[in-house]
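These notes are about the structure you will find just below.
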Protein chains: 2
Amino acid sequence: MKSLSENDIEYICDLQAPCFQALPAEALELIRASKTQVLFRKGDNLTKQGTFASYVLFIVSGLAIQYVEGDTNKSFNLAIIRPGEFIGMFSLFSNKTFKYSSLALTDCHVFLVEKEAITKIMNENGTFGLSLFRRYSSQTENLFDTLGNALFKQMNGRFADTLLYIDSFKEEYPDIFQLLSRKDIADFAGISTESAVKLLKSLEREGCIQLNTKDILITDYEKLRGISKVG
Amino acid sequence: MKSLSENDIEYICDLQAPCFQALPAEALELIRASKTQVLFRKGDNLTKQGTFASYVLFIVSGLAIQYVEGDTNKSFNLAIIRPGEFIGMFSLFSNKTFKYSSLALTDCHVFLVEKEAITKIMNENGTFGLSLFRRYSSQTENLFDTLGNALFKQMNGRFADTLLYIDSFKEEYPDIFQLLSRKDIADFAGISTESAVKLLKSLEREGCIQLNTKDILITDYEKLRGISKVG
DNA sequence: CTCAAAAATTGAACTTGCTCAATTTTTTTA
DNA sequence: TAAAAAAATTGAGCAAGTTCAATTTTTGAG
């Protein structure tokens, strides 16, 4: 992680997220004034679960992975974060620490917005608050689905979900699987690395997928969706 | 579930939640105008996961249990809801259906507020939105803890958490355990009913708790907290 | 390009917690 | 209050998925 040069700052200062579009000029300036631009290198932690959270991160470019950590060096991957998305919104209120960690899968241009700046604008501008609330909500909904999957599905179904989820990034990011280790994939499904490997091989034998070193090519979506349902 | 008489309505029309306190008179009126008062009988569903959600529920009196449902008649209990709390806020935006079910543990006086009324006020009144956002946030934080527990802890720890959680209602609602079956308790910990029974007996043998038919008395909080940590 | 480290792979043994079935206790209904 | 239904209890066997250890493959550094 390093601070950005002037060039970088000009590049990323373009506030395109829909909730910023609705802002009156003075509020936009407030965000501009309070934000800090940072470049996180591949492998850097953007947020670390449990650390003090005084800001929210807005991803301008790059991909990051969001995950919760358990005690014994176990973790569970929640989502892959794309440009235009926020990290840390769940820590905007009441609780002072990040509820999850996040890690740069590629170099990430990010800016940090102070929580106070956001809540101040929300207080003054209902439309802004509503827009942010909508974003926040859709993240929470994903959390419900994640919880439901973790609780009620077993290995095969969760793993099929995981492959379909990661595959959904492939159009925009063709090398997405190259960025993920077997452990990363396993942690999306909440299973052990060894189990993930065994499932991959088994799905390949059944003709659902093709494995080329790190890349995974889904060859039978219907079958995989079927496994996801039944699982 | 039945509609309320005039008397009931007068009784429950007292909008005491902090986020309502901050409302200007006209917005309060808007909520008053749009809401419907309902009495849910013990055992009634206040919300049913997957059904269309055009309103948010505000609990005036009574206790309810919030849970997510899986496919094969499995469910997982998220929380016990007290008077002054909302149900269905997670469905306020984007998604059209309730993400969880809820069930009246006792008779519940509830009023229903149309989503449109809420979003309209949020749009006009940033302070109201901020206040609602804070509530919503604290629910989401609980969701993270729930997810973490479900993913990383095993039976013993989750079950200790469950007992401590339910016990935290005992001061205000001394008969809280009488309202819950073994299956209800098991579903808070995400384990089978049989496992819950076995754990209860085992905790009793170890001197952590006393069992009197349905009531459970925690006799060694420290030990239970220890199990919660290790688990 | 070569070597060392990290990641992926595989199978066997093991653990956790579930399911099933039988029995007892409690609650509800007539 | 008695009978029926529902809930709680118990133990045995079972299944899902983990852990461990050994091996192979891939990646990264110099």
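A, B, ... follow the sequence lines: proteins, then strands. Residue 1 opens every chain.
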Might you list the N or O atoms of the protein lying below 3.5 Å from N or O atoms in nucleotides 1-7 of chain D, with each pair's distance?
none

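- At whole-Å resolution of the value, CG in B:D215 and P in C:dT25 are 20 Å apart.
- Counting only residues at least two apart or on different chains, the salt bridge (charged side-chain N to carboxylate O under 4.0 Å, His left out) pairs with a member in residues 73-84 of chain A are A:R82-A:E172.
- Listed by chain and residue number, B:L46, B:I81, B:I87, B:C108 satisfy the side-chain contact (heavy atoms from CB on, under 4.5 Å) test with B:A64 (two or more places apart in sequence, or in another chain).
- Side-chain contact check for A:D184 and A:S181: at least one donor-acceptor pair (N or O, by modelled atom type) lies under 3.5 Å.
- Projected onto DNA chain D by closest heavy-atom contact, B:L180 and A:T213 fall at different nucleotides, the more 5' of which corresponds to B:L180.
- Put simply, OG on B:S54 and NZ on B:K96 are 11.0 Å apart, with the number rounded to the nearest 0.5 Å.
- Rounded to whole angstrom, the span from the CG atom of B:L211 across to the P atom of D:dA8 amounts to 12 Å.
- Residues that satisfy the ring pair (Phe, Tyr, Trp, His ring centres under 6.0 Å) test with A:Y55, not counting sequence neighbours, are A:F98.
- Of the side-chain N and O atoms in B:S195, one or more sit less than 4.0 angstrom from OP1 or OP2 of C:dC18.
- Residues in residues 148-170 of chain A take part in these salt bridge (charged side-chain N to carboxylate O under 4.0 Å, His left out) pairs, two or more places apart or across chains: A:K153-A:D161, A:K170-A:D215.
- Atom pair A:I191:CD1 and D:dT18:P shows a separation of 6 Å (rounding to whole Å applied).
- For A:M89, the side-chain contact (heavy atoms from CB on, under 4.5 Å) partners at least two apart in sequence or on another chain are A:V56, A:F86, A:L132, A:R135, A:Y136, A:Q139.
- Spacing between atom CD of A:E194 and atom P of D:dT23 amounts to 16 Å, rounded to whole angstrom units.
- Rounded to 10°, the angle separating the first-five-pair axis and the last-five-pair axis of the helix from C:dC1-D:dG30 to C:dA30-D:dT1 equals 60°.
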Pairs under 3.5 angstrom, nitrogen or oxygen only, protein versus nucleotides 12-14 of chain D, please.
unit_1	atom_1	unit_2	atom_2	d
D:dA12	N6	B:K198	NZ	3.4

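- Although no hydrogens or angles enter the test, the distance criterion places a donor-acceptor pair under 3.5 Å between the side chain of B:S102 and the main chain of B:T47.
- Aromatic ring pairs are classed by plane angle as parallel below 30°, tilted from 30° to 60° and perpendicular above 60°; the pair A:Y165 and A:F188 is tilted.
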- Task: Evaluate the criterion salt bridge (Lys or Arg N to Asp or Glu O under 4.0 Å) for residue pair B:D145 and A:K99; output intermediate values, then yes/no.
- Result: CA-CA 9 Å; B:D145 293 336; A:K99 298 300 270 184; 3.3 Å; yes
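- For A:D187, the side-chain contact (heavy atoms from CB on, under 4.5 Å) criterion is met by A:S75, A:N77, A:K183, not counting sequence neighbours.
- For the segment residues 149-158 of chain A, the set of residues with a heavy atom within less than 4.0 Å of an atom of DNA chain D comprises A:Q154, A:M155, in numerical order.
- The nearest whole Å value for the distance from the CG atom in A:L203 to the C1' atom in C:dT9 is 16 Å.
- The CZ-P distance, from A:F76 to D:dG17, rounds to 14 Å in whole Å.
- Rounded to a whole Å, the NZ atom of B:K183 is 14 Å from the C1' atom of C:dT19.
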Donor-acceptor pairs are to be reported for all side-chain atoms of residues 201-213 of chain A against protein atoms at under 3.5 Å, with residues two or more places apart or in another chain.
unit_1	atom_1	unit_2	atom_2	d
A:S202	OG	A:E206	OE2	3.4
A:E204	OE2	A:L211	N	3.2

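- For C:dG11, the OP1/OP2 oxygens have no side-chain nitrogen or oxygen of A:K201 closer than 4.0 Å.
- B:F90 and B:Y100 have perpendicular rings, their planes meeting at more than 60° on a 0 to 90° scale where under 30° would count as parallel.
- As rounded to whole Å, 15 Å separates atom P of C:dA8 from atom CD of A:E204.
- Listed by chain and number, the residues in a side-chain contact (heavy atoms from CB on, under 4.5 Å) with A:A160 are A:L224, A:I227, A:S228 (sequence neighbours excluded).
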